[in-house]
Peer 1: 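My questions all concern the structure below.
As the structure is a prediction and not an experimental result, all values here were calculated from the model. Because only heavy atoms are used, hydrogens play no part in the values below, and waters and symmetry mates are left out as well, while side chains stay in.
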Amino acid sequence: RPQSVEDKREVKQQGYDLMLAIDLSGSMLSEDSERDGEAINRLQAIKPVIQAFIHRRTNDRIGLVVFSTQAYTLAPLTFDHDWLAKQIERITVKMVLNLGGNTAIGDGLGIALTRLDQAGREVNNQRKGAFVVLLTDGKNNCGLLTPEQATEIAKSRGVPVYTIGVGQEGYVRIPYLNPDGTYRTDGFGNKIYGRELSDMDEGALIQIADQTKAKFFRAMDSDTIKKTFAAIDAAQRIEFQAKSYLLTTELFLWLAAPGAVLLFLGALLALPPQLSLGRARPLGAPRGNDRPGGVKGDSAHGPALPPKL
């Protein structure tokens with residue numbers, strides 16, 4: 001029978017709020033990774049992995065903090081992942097350039113936690129549905145907050161902090177920079193390199209993760225960086241259930257009513273003339289076989305004869 005069918009979907013979902021805190025100190029220029037057979041620095045290695053991670057988290061609000069000697073919010077929490085991926089692409093060491101090799105890990109984590117403050121998502125002073133990913137290749141040697149102080153703030157708020165230590169161990173090749181942040185080159189325009197010892201404080205990163213009920217990852221090259229973010233993606237994932245149902249509206253009556261009217265009119269037109277409603281006798285009028293003057297006819301024997309004299 002005729003019906004109107006409308007598909008209704010009721011989806012109740014709520015993603016995470018997460019902040020990325022990325023180290024942009026000069027040591028992130030260390031070239032200890034490869035891509036297509038060419039040496040790339042640590043920042044170049046992590047950018048595409050972070051961008052892919054962002055695009056997979058379609059239901060999450062994601063923000064970005066960068067830090068070196070100081071910490072800055074580059075992007076507040078946002079659902080606009082395309083815009084955020086562009087911000088990731090444009091980050092450089094020169095954004096928060098420091099030539100002294102300083103790294104404010106505590107401040108970077110502290111700013112990220114501040115960006116997660118939202119009264120609407122707190123229960124008993126515990127921040128629900130939020131976490132931080134902290135990525136660095138060094139150790140804390142400046143800033144207002146120590147990593148321990150920032151960790152206590154995260155613990156008190158119930159925010160897990162996933163820590164990632166980037167880079168190879170031992171001595172690595174690193175280009176020298178000019179005071180304006182450009183690469184120092186020789187007379188032929190080639191970058192001038194030196195070798196520096198990686199000084200990542202792995203113990204501090206493990207402690208931050210353990211005390212906030214998260215995990216520490218050691219990402220020494222592009223492949224392990226990918227596996228690291230895949231593991232975080234799987235650990236902090238909400239499965240949503242959608243309710244789907246159909247609404248049906250009966251159209252039979254709308255089509256049947258005009259049909260019934262047409263059927264009734266057709267039946268009237270098919271009646272014999274003597275039964276037609278158009279020949280009905282007016283009230284009080286003489287019947288068809290009555291004669292004027294009170295003489296009646298006999299319907300069985302024809303018209304009545306006048307009386308004999």
Side-chain angles (χ1 to χ4, degrees), residues 20-53 64-75 85-109 111 133-143 147 163-205 217-229:
L20 301 170
I22 300 176
D23 184 354
L24 291 185
S25 59
S27 57
M28 289 294 288
L29 294 177
S30 299
E31 296 181 0
D32 53 2
S33 293
E34 287 188 357
R35 182 183 298 148
D36 300 328
E38 294 186 4
I40 58 174
N41 62 45
R42 294 167 180 175
L43 188 56
Q44 291 172 323
I46 67 172
K47 278 185 179 182
V49 180
I50 294 175
Q51 289 170 328
F53 175 78
L64 175 62
V65 168
V66 294
F67 62 92
S68 181
T69 302
Q70 295 177 308
Y72 302 91
T73 300
L74 188 61
K86 292 178 182 177
Q87 305 312 305
I88 296 291
E89 183 61 36
R90 62 182 282 265
I91 61 176
T92 65
V93 169
K94 291 191 294 184
M95 277 185 167
V96 284
L97 181 64
N98 77 94
L99 300 179
N102 294 327
T103 306
I105 294 176
D107 286 357
L109 177 54
I111 293 294
V133 177
L134 173 68
L135 187 149
T136 182
D137 68 344
K139 63 182 179 182
N140 189 85
N141 53 20
C142 67
T163 55
I164 304 173
V166 181
Q168 301 282 353
E169 296 178 344
Y171 283 92
V172 294
R173 189 174 78 150
I174 184 169
Y176 290 125
L177 298 179
N178 294 313
D180 62 355
T182 58
Y183 290 111
R184 190 180 303 176
T185 59
D186 59 20
F188 298 97
N190 300 314
K191 289 187 290 186
I192 300 175
Y193 288 89
R195 297 187 70 82
E196 291 186 1
L197 181 64
S198 295
D199 62 348
M200 184 182 63
D201 190 350
E202 186 171 310
L205 298 180
F217 298 90
R218 189 74 167 89
M220 303 181 69
D221 52 38
S222 296
D223 289 337
T224 54
I225 292 172
K226 291 179 182 178
K227 293 177 181 178
T228 293
F229 275 93

Peer 1: Would you say Thr103 and Thr136 make side-chain contact, with heavy atoms under 4.5 Å?
Peer 2: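 Of all side-chain heavy-atom pairs linking Thr136 with Thr103, at least one is under 4.5 Å.
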Peer 1: Rounded to the nearest 0.5 Å, how far does CG of Asp201 lie from OG1 of Thr163?
Peer 2: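 Reported value, rounded in 0.5 Å steps: 10.5 Å.
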Peer 1: Can you measure from OG (Ser33) to CD1 (Ile46) and round to the nearest 0.5 angstrom?
Peer 2: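 Spacing of OG (Ser33) from CD1 (Ile46) equals 10.0 Å.
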Peer 1: Would you say that Leu20 contacts Leu135 through its side chain, given a criterion of any heavy-atom pair below 4.5 Å between the two side chains?
Peer 2: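 Not touching, per the 4.5 Å side-chain cut-off.
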Peer 1: I need the Ser25 OG to Asn141 CG distance, nearest 0.5 Å.
Peer 2: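 Rounded to the nearest 0.5 Å, the OG-CG separation comes out at 8.5 Å.
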Peer 1: Could you check whether any side-chain heavy atom of Gln168 comes within less than 4.5 Å of a side-chain heavy atom of Ser30, counting everything from C-beta outward?
Peer 2: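 The answer is no; the side chains never approach within 4.5 Å.
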Peer 1: Check whether any side-chain heavy atom of Arg218 lies under 4.5 Å from a side-chain heavy atom of Leu205, and answer yes or no.
Peer 2: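 The answer is no, as the side chains (C-beta and beyond) never meet within the 4.5 Å cut-off.
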Peer 1: Do you know the tightest heavy-atom contact between Gly138 and Ile105?
Peer 2: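 It is O-CD1, 3.8 Å.
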Peer 1: Would you check if the side chain of Asn140 reaches a backbone N or O of Gly106 as a donor-acceptor pair within less than 3.5 Å?
Peer 2: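 Here the side-chain-to-backbone pair exists.
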Peer 1: Less than 4.5 Å apart, side chain to side chain, heavy atoms only: is that true for Arg184 and Lys191?
Peer 2: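 Result no, sub-4.5 Å side-chain heavy-atom pair not found.
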Peer 1: To the nearest 0.5 angstrom, please state how far the NZ atom of Lys86 sits from the CD1 atom of Ile88.
Peer 2: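 Taking NZ in Lys86 and CD1 in Ile88, the distance rounds to 13.5 Å.
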Peer 1: Who are the ring-ring contact (aromatic ring centres under 6.0 Å, His included) partners of Phe217, not counting sequence neighbours?
Peer 2: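 Testing Phe217 for ring-ring contact (aromatic ring centres under 6.0 Å, His included), a comparison that skips the adjacent residues, returns none.
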Peer 1: Looking at every heavy atom in both Thr92 and Leu24, which two are closest together, and how far apart are they?
Peer 2: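 Between these two residues, the closest heavy atoms are O-CD1, 3.4 Å.
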Peer 1: Taking C-beta and beyond as the side chain, do Asn190 and Thr185 meet within less than 4.5 Å on heavy atoms?
Peer 2: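 Not touching, per the 4.5 Å side-chain cut-off.
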Peer 1: For the residue pair Ile50 and Ile22, establish whether any side-chain heavy-atom pair is separated by less than 4.5 Å.
Peer 2: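 In contact.
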Peer 1: Got more than 12 heavy atoms from elsewhere within 6.0 Å of NZ, Lys47?
Peer 2: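 Enclosed.
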Peer 1: For atom CD of Glu196, decide whether the heavy atoms of other residues, nucleotides or ligands shown that lie under 6.0 angstrom number more than 12.
Peer 2: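 No - once you tally the heavy atoms of other residues, nucleotides and ligands closer than 6.0 Å, there are 12 at most.
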Peer 1: What pair of heavy atoms forms the shortest contact from Pro175 to Tyr193, and how long is it?
Peer 2: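 Reported closest heavy-atom pair: N-CD2, 3.6 Å.
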Peer 1: Sequence neighbours excluded, which residues qualify as ring-ring contact (aromatic ring centres under 6.0 Å, His included) partners of Phe67?
Peer 2: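 Counting only residues at least two positions away or on another chain, Phe67 forms no ring-ring contact (aromatic ring centres under 6.0 Å, His included).
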Peer 1: Return the CG to CG distance between Asn41 and Leu29, rounded to the nearest 0.5 Å.
Peer 2: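 It comes to 5.5 Å.
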Peer 1: Give a yes or no on whether a salt bridge exists between Arg42 and Asp32, defined as a side-chain N under 4.0 angstrom from a carboxylate O.
Peer 2: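 Salt bridge flag = yes for Asp32 with Arg42.
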Peer 1: Do Asp137 and Ser27 have side-chain N/O donor and acceptor atoms under 3.5 Å apart?
Peer 2: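 Distance-only check passes for Asp137 and Ser27.
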Peer 1: Would you give the length of the straight line joining atom NZ of Lys139 to atom CG of Asn102, rounded to the nearest 0.5 angstrom?
Peer 2: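 The NZ atom of Lys139 sits 11.5 Å away from the CG atom of Asn102.
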Peer 1: Between Pro48 and Arg35, which heavy-atom pair has the shortest distance, and what is it?
Peer 2: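 For Pro48 and Arg35, the tightest heavy-atom pair comes out as CG-NH2, 3.4 Å.
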Peer 1: Is Arg195 close enough and on-axis enough to Tyr171, meaning under 6.0 Å and within 45°, for cation-pi?
Peer 2: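 Pair Arg195/Tyr171 does not count as cation-pi.
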Peer 1: Could you tell me which non-hydrogen atom of Thr69 sits nearest to which non-hydrogen atom of Cys142, and how far apart they are?
Peer 2: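 Shortest heavy-atom separation between Thr69 and Cys142 comes out as O-SG, 3.6 Å.
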Peer 1: State, with a plain yes or no, whether a side-chain heavy atom of Val65 is found less than 4.5 Å away from one of Leu74.
Peer 2: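 No, too far: nothing below the 4.5 Å cut-off.
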Peer 1: Just by distance, do the side chain of Gln51 and the backbone of Ala85 share a donor-acceptor pair under 3.5 Å?
Peer 2: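 Yes, the answer is positive, given that a donor and an acceptor are paired below the 3.5 Å cut-off.
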